[in-house]
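What you see below is based on every heavy atom in this structure, not just the backbone, and it leaves out hydrogens, waters and symmetry mates. Heads up: numbering here begins at 1 and tracks the sequence.
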Amino acid sequence: MATLAVVSACGSSTPGVAVKQADQATTEPVATTSAPATTVIVTTIPVTTVSVTAAPTTIPVTTAPATSTTATATTVPQPPANIPGGWQPAAQPFNENLFPPLDESNWTGVPSPPLPTDPGQRLVDGIYEADFASPWNATNPATVDIVVHRIVPCSTLPANSCIDDGTPFTPDVLGVDNAVAYPIIVPLDSSVGVGLTGYECNSIDKTGNGADLAALFSAFDAAYKTAIQPQVTAGVANQDIITTLTAAPAAGFSGSDVTCGTDNAYALVFHAGDAPPILMQSVSDISTSTDNTPLTPTTAVRLDTIQVVKGVMTMYLYAGFYS
């Protein structure tokens, strides 16, 4: 099985799927509220190739607390794949059902298939909500840990798991089932497909493979530790760091291109080769209670969903405007 990963670095305003996006400043679509942790099945799943597209969206919905599930680490043999490397423009905007819904709305579409019940089983073809289970690590750059949840009808979830837009919920109104999780170790190589939505002036959708994503993460990590992290840990204010790098670009960080106009003049972006630019509204981890927690590649770029098509896994990610 191949794995295809799609990353987004921007925002859009199209409603679509599940619980965790941000404001998007484009015409194309694409937050998750975590629940108590669970113990689950960790599975290494190499994958095969697939072309993927996905649209960014915004903001999260309330989800139900997770319950515990027992798991065992297992390696699942997969057919070899050779997804072409090199970032290429997506043939069309990424499908909005591959990204969380807008604020005050729910996922819609087709529910996820059941998750595997035993260690070592492959995921069935379908779309699943996903998150990074732990930060990407430069000492082991060729893998990343993710955790997978089902997207299911809101009518089957506990109260307050979905936005109440007028009960009873219709069958196509969906939410994330956090009660059962399925962890997977994803290889970042040519067996994995990647889709990334970046942002500068507008959304930029590109596809690549896992090796392309690992290279982007490595470039961001090295540049951030050089140009930004020392200031963050020293307590320099976020906006002061952004203002400095906008005026004097360094290590791949700069303000938006002048062609973007004054509306984007405040934005800080990160460029690495042909990869879509990563938009940065903050240079520290805003999920923490302090302003001096450094970012990691997997907090600067968010994983939203994975899609499995004919055994091929695709990861969809987003890194752009957040509310």
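- Contact annotation: the side chain of Cys154 never approaches that of Ser161 to less than 4.5 Å [non-hydrogen atoms, C-beta and beyond].
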(message) side-chain contact (heavy atoms from CB on, under 4.5 Å), that's the test. Do Ser112 and Val152 meet it? Break it down for me.
(response) CA-CA 6 Å; Ser112 306; Val152 300; 5.6 Å; no

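- Considering only heavy atoms from C-beta on, Leu157 comes within 4.5 Å of Cys162 through its side chain.
- Between Asn106 atom CG and Ile151 atom CD1 the span is 12.0 Å, to the nearest 0.5 Å.
- Annotation for Thr156 and Pro153: closest pair OG1-O, 2.7 Å, computed over non-hydrogen atoms.
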(message) Walk me through whether Ile127 and Gln307 qualify under side-chain contact (heavy atoms from CB on, under 4.5 Å).
(response) CA-CA 4 Å; Ile127 297 173; Gln307 183 180 34; 3.9 Å; yes

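- Between Pro183 and Asp145, every side-chain heavy-atom pair lies at or beyond the 4.5 Å cut-off.
- The nearest pair of heavy atoms linking Asp177 to Ala179 is OD1-N, 3.0 Å.
- Here the closest heavy-atom approach between residue Val269 and residue Gly255 is recorded as CG2-O, 3.9 Å.
- Nearest heavy atoms, Phe220 versus Ala300: CZ-CB, 3.6 Å.
- The two residues His149 and Ala181 have their closest heavy-atom pair at NE2-CB, 3.6 Å.
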(message) I'd like to know whether Leu295 forms a side-chain contact (heavy atoms from CB on, under 4.5 Å) with Met280, so could you lay out the CA-CA distance, the side-chain angles of the two residues, the decisive distance to 0.1 Å, and finally the verdict.
(response) CA-CA 10 Å; Leu295 287 172; Met280 302 182 67; 3.6 Å; yes

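- By the 4.5 Å heavy-atom criterion applied to side chains, Pro294 and Tyr224 are counted as neighbours.
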(request) Determine, stepwise, if the pair Val180 / Arg150 fulfils side-chain contact (heavy atoms from CB on, under 4.5 Å). (result) CA-CA 8 Å; Val180 181; Arg150 294 184 66 210; over 6 Å; no

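- Between the side chain of Asp189 and the backbone N or O of Gly210, no donor-acceptor pair lies under 3.5 Å.
- Annotation: the span from Thr305 atom OG1 to Asp131 atom CG amounts to 10.5 Å, rounded to 0.5 Å.
- Taking the six-membered ring where tryptophan is involved, the planes of Phe270 and Phe253 are tilted, since the angle between them lies from 30° to 60°.
- Separation of atoms CH2 (Trp136) and CG (Leu216) is listed at 9.5 Å; rounding is to 0.5 Å.
- When Asn238, Asn292, Thr299 are each tested for a side chain to side chain donor-acceptor pair (under 3.5 Å) with Ser284, only one passes: Asn238.
- Contact detail for Ala227 and Ala251: the closest heavy-atom pair is CB-CB, 3.9 Å.
- Atom CG of Asp274 sits in a sparse spot, with 12 or fewer heavy atoms from other residues, nucleotides or ligands closer than 6.0 Å.
- For the side chain to side chain contact (heavy atoms under 4.5 Å, CB included) test, no residue two or more places apart in sequence or in another chain qualifies with Thr226.
- Residue Leu268 holds its CG atom at 5.0 Å from OG1 of Thr246, rounded to the nearest 0.5 Å.
- Pro113 is linked by a side chain to side chain contact (heavy atoms under 4.5 Å, CB included) to Val124, Tyr128, counting only residues two or more places apart in sequence or in another chain.
- Within the model, atoms CG of Leu123 and CD1 of Ile184 stand 4.0 Å from one another, a figure rounded to the nearest 0.5 Å.
- For the atom pair Asn209 CG and Trp87 CH2, the distance stands at 8.0 Å (nearest 0.5 Å).
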